[in-house]
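Everything on this sheet refers to the single structure shown next.
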Amino acid sequence: MPRRATRYWLMKSEPDVFSFDDLMAAKGRRTMWDGVRNYQARNFMRDDMAVGDGVLFYHSNAKPPGVAGFAEVVREAYPDPTALDPKDPHFDPKSDPEDPRWMLVDIAGVESAPNLVSLEDLKANPKLSEMAVVQRGSRLSVQPVTADEWKVVRKMAGL
DNA sequence: GCCAACGTTGGC
DNA sequence: GCCAACGTTGGC
C-alpha cells in the first residue's frame with residue numbers, strides 16, 4: 001500500500017535547454033531537477049513530492065509551448081548541488097552548505113506524449129480551466145495538478 | 001524582440 | 001514593514 005495517494009505535478013523546462021527527448025535519452029531516463037530558485041516551487045518539491053508522483057513535462061519558451069511527455073518522481077528532495085558550487089551558473093552565495101536553501105527531486109521519463117498537448121489545447125479545454133499553467137501570468141515552474149486534470153491531459157495526449 | 005506579470009531586493 | 005526599482009519568465 002502506498003503511504004499516501006499519488007500526486008501529480010507539472011514541471012516546466014525550456015526545450016532548448018533540456019527537452020523531454022533529452023530526458024528520455026539520459027542515463028536511466030533520469031535527471032536531477034536542478035536550478036529551481038523560487039521558494040514556492042522549492043516547497044512543492046521539498047514538502048509535497050514523493051516517489052511515484054506523476055509529472056507532466058511541460059515545454060516553456062517553445063513553439064508551441066505544451067506538455068511533451070510524462071515522467072515520475074524517482075527520488076525525494078535533497079539539496080541542489082548546483083546552488084553550492086561556485087563554478088555553476090546556478091550558484092547561490094547565500095545558500096549555506098550546512099543548511100542548504102535549495103532542494104530538488106530526481107525525475108525519470110515514462111512515456112512521450114503521442115500528440116503534444118499545446119498550451120492552446122489546454123486553454124481550450126473547459127475541464128482544465130483551473131489549471132495553474134493556463135492562468136494569465138502564471139510563472140511558477142513547479143505546479144500541482146489534480147488527478148482529474150492528469151487524466152484529461154493523458155487522454156488529450158493520445159494515451 | 002516586446003512587454004505584462006510576477007518575485008526579489010534594498011533603501012528608508 | 002513599505003514599496004519602488006530591478007531582474008526574470010514566458011507567451012505572443
Side-chain angles (χ1 to χ4, degrees), chain A residues 7-26 31-49 53-73 77-146 148-150 152-158:
Chain A
R7 289 177 183 159
Y8 301 95
W9 308 94
L10 178 147
M11 298 171 87
K12 295 181 184 174
S13 185
E14 301 193 25
D16 288 350
V17 179
F18 191 81
S19 69
F20 188 75
D21 284 347
D22 292 334
L23 176 62
M24 294 303 262
T31 192
M32 291 191 304
W33 204 256
D34 61 9
V36 171
R37 297 293 179 267
N38 170 284
Y39 290 105
Q40 207 178 344
R42 177 207 64 185
N43 292 347
F44 284 135
M45 290 198 288
R46 184 189 63 189
D47 303 334
D48 298 322
M49 283 192 186
D53 282 2
V55 175
L56 301 176
F57 194 106
Y58 179 88
H59 282 172
S60 62
N61 263 322
K63 296 175 191 170
V67 175
F70 301 85
E72 65 180 347
V73 176
Y78 59 102
D80 182 342
T82 67
L84 305 173
D85 176 1
K87 294 188 296 294
D88 192 280
H90 295 296
F91 175 61
D92 179 358
K94 286 182 272 190
S95 183
D96 175 2
E98 298 303 313
D99 182 20
R101 172 179 306 201
W102 302 112
M103 308 285 282
L104 51 68
V105 298
D106 289 355
I107 68 166
V110 175
E111 56 192 336
S112 182
N115 317 307
L116 180 130
V117 185
S118 71
L119 178 60
E120 187 182 11
D121 295 336
L122 295 171
K123 285 180 171 173
N125 191 324
K127 291 180 182 148
L128 303 179
S129 62
E130 302 295 313
M131 269 185 95
V133 73
V134 307
Q135 309 305 320
R136 178 177 166 82
S138 161
R139 290 175 22 180
L140 194 57
S141 65
V142 176
Q143 311 175 349
V145 169
T146 68
D148 285 345
E149 289 162 350
W150 171 266
V152 170
V153 174
R154 280 187 67 82
K155 188 168 286 187
M156 292 169 78

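As a basis for the values below, the full set of heavy atoms in this structure was taken, side chains included, without hydrogen atoms, waters or symmetry mates. Proteins come first, then strands; the chains are lettered A, B, ... in the order of their sequence lines, and each starts at number 1. Here the structure is a predicted model, which is why all the values come from computation and not from measurement.
- One interatomic measurement links the two molecules: CG of A/Leu10 to P of C/dG10, which rounds to 10 Å at whole-angstrom precision.
- Ring centroids of A/Tyr39 and A/Trp102 are separated by less than 6.0 Å, placing the two rings close together.
- Residue contacts shown for A/Lys123 are limited to sugar-phosphate atoms, with no base heavy atom under 4.0 Å away.
- Distance CD (A/Glu14) to C1' (C/dC12): 15 Å, rounded to an integer number of Å.
- Checking the phosphate oxygens (OP1, OP2) of C/dT9, no side-chain nitrogen or oxygen of A/Lys12 falls inside 4.0 Å.
- Straight-line distance from the CG atom of A/Asn38 to the C1' atom of C/dT8: 11 Å, rounded to whole Å.
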*Please test A/Met156 against A/Leu128 for side-chain contact (heavy atoms from CB on, under 4.5 Å), starting from the C-alpha separation and ending with a verdict.*
CA-CA 11 Å; A/Met156 292 169 78; A/Leu128 303 179; 3.8 Å; yes

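- Between A/Tyr58 and C/dT9 there is no side-chain polar atom (N or O) within less than 4.0 angstrom of OP1 or OP2.
- Checking B/dC6, C/dG11, B/dT8 against every side-chain atom of A/Tyr39, the shortest atom distance belongs to B/dT8.
- At whole-Å resolution of the value, NE2 in A/His90 and C1' in C/dG7 are 16 Å apart.
- The nearest whole Å value for the distance from the CD atom in A/Gln40 to the P atom in B/dA5 is 18 Å.
- Rounded to an integer number of Å, the gap from A/Met11 CE to C/dT9 C1' is 17 Å.
- Distance from the side chain of A/Arg136 is smallest for B/dA5 among the nucleotides B/dA5, C/dC12, B/dT8.
- Between A/Lys94 and A/Asn61, the residue whose closest nucleotide on DNA chain B is further toward the 5' end is A/Asn61.
- Rounded to whole Å, the distance from CG on A/Leu119 to C1' on C/dC12 is 11 Å.
- In this structure, CZ of A/Arg139 is placed 12 Å from P of B/dA5, rounded to the nearest angstrom.
- Atom CD of A/Glu111 sits in a crowded spot, with more than 12 heavy atoms from other residues, nucleotides or ligands closer than 6.0 Å.
- Taking a 6.0 Å sphere around CD of A/Glu120, one finds it holds 12 or fewer heavy atoms contributed by other residues, nucleotides or ligands.
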